[in-house]
Amino acid sequence: MAWFDIPKNLPQVLGIDLRACAVKAIEIDFTLAKPTITRWGRTEVAPDLMDDPARREAEQGKALAKIINTSGFTTRSAVIVIGGPQHRL
């Protein structure tokens, strides 16, 4: 789902991106002249957890909770992206 596929009845939405080594979230307001990012947050997840999915998922959950509790998001509607393994070069 692309951001422009979000139902029109949602004035704001929280976009959540769970990656192997980072968790990101943005709040987008669709009531303005054009979609606008109003709040955002990002935090790293320890790269040594890539080989331990259970611990990595637990840390991603803690990271997401931290972002939500500190970034001042106001919407309760969300879309999420869960990424696969990141390849190291």
Side-chain angles (χ1 to χ4, degrees):
M1 175 187 285
W3 68 268
F4 47 82
D5 292 333
I6 295 171
K8 302 298 183 225
N9 63 338
L10 295 177
Q12 294 177 322
V13 70
L14 179 63
I16 300 170
D17 185 359
L18 298 176
R19 298 294 172 157
C21 294
V23 175
K24 298 171 271 187
I26 62 170
E27 186 175 79
I28 303 172
D29 188 333
F30 293 99
T31 64
L32 305 173
K34 58 184 179 178
T36 304
I37 295 173
T38 54
R39 292 172 184 81
W40 63 276
R42 180 182 195 281
T43 189
E44 301 291 322
V45 175
D48 62 329
L49 298 176
M50 287 185 66
D51 296 327
D52 188 344
R55 283 187 55 217
R56 183 182 68 239
E57 290 172 9
E59 289 303 312
Q60 287 171 319
K62 289 177 189 175
L64 181 57
K66 178 181 176 183
I67 291 169
I68 289 172
N69 290 328
T70 60
S71 297
F73 297 119
T74 58
T75 186
R76 294 187 178 265
S77 300
V79 293
I80 189 166
V81 172
I82 301 174
Q86 293 180 352
H87 301 284
R88 297 180 194 169
L89 299 176

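This is a predicted model, so every value here is computed, not measured.
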**Prompt:** Would you call E59 and K62 a salt bridge, taking side-chain N to carboxylate O under 4.0 Å as the test?
**Reply:** yes

**Residue pair T31 / Q12, side-chain donor-acceptor N/O under 3.5 Å** = no

**Message:** If the condition is salt bridge (Lys or Arg N to Asp or Glu O under 4.0 Å), which residues does E57 pass it with, not counting sequence neighbours?
**Reply:** none

**Complete:** Residues passing the side-chain hydrogen bond (donor to acceptor under 3.5 Å, both in side chains) test with R42, sequence neighbours excluded, are E44

**Fill in**
A58 meets the side chain to side chain contact (heavy atoms under 4.5 Å, CB included) criterion, sequence neighbours left out, with none

**Complete:** With sequence neighbours left out, the residues meeting side chain to side chain contact (heavy atoms under 4.5 Å, CB included) with L64 are I16, V23, I68

**Complete:** side chain to side chain contact (heavy atoms under 4.5 Å, CB included) filter on A65, not counting sequence neighbours, yields N69

**Request:** Using a 4.5 Å cut-off on heavy atoms from C-beta on, say whether the side chain of L18 contacts that of I80.
**Result:** yes

**Asked** When you look at L14 and R76, which way does the side chain to side chain contact (heavy atoms under 4.5 Å, CB included) test go after all the steps?
**Response** CA-CA 7 Å; L14 179 63; R76 294 187 178 265; over 6 Å; no

**Request:** With rounding to the nearest 0.5 Å, note down the distance linking OG in S77 to CD1 in I28.
**Result:** 12.0 Å

**Distance, nearest 0.5 Å, that separates CZ of R56 from CG of L49** = 8.0 Å

**Item:** Pairing residues for D52 by the side-chain hydrogen bond (donor to acceptor under 3.5 Å, both in side chains) criterion, not counting sequence neighbours
**Value:** none

**Message:** My understanding is that only residues two or more places apart in sequence, or in another chain, count here; which of them pass salt bridge (Lys or Arg N to Asp or Glu O under 4.0 Å) with K66?
**Reply:** none

**Complete:** Closest non-hydrogen contact found for F73 with I26 is CE2-C, 4.0 Å

Residues 34-41, side-chain donor-acceptor partners within the protein, below 3.5 Å, at least two apart:
residue: T36; atom: OG1; partner: K34; partner atom: O; Å: 2.8
residue: T38; atom: OG1; partner: E27; partner atom: O; Å: 3.3
residue: T38; atom: OG1; partner: E27; partner atom: OE1; Å: 3.1
residue: R39; atom: NE; partner: G72; partner atom: O; Å: 2.7
residue: R39; atom: NH1; partner: E27; partner atom: OE1; Å: 2.7

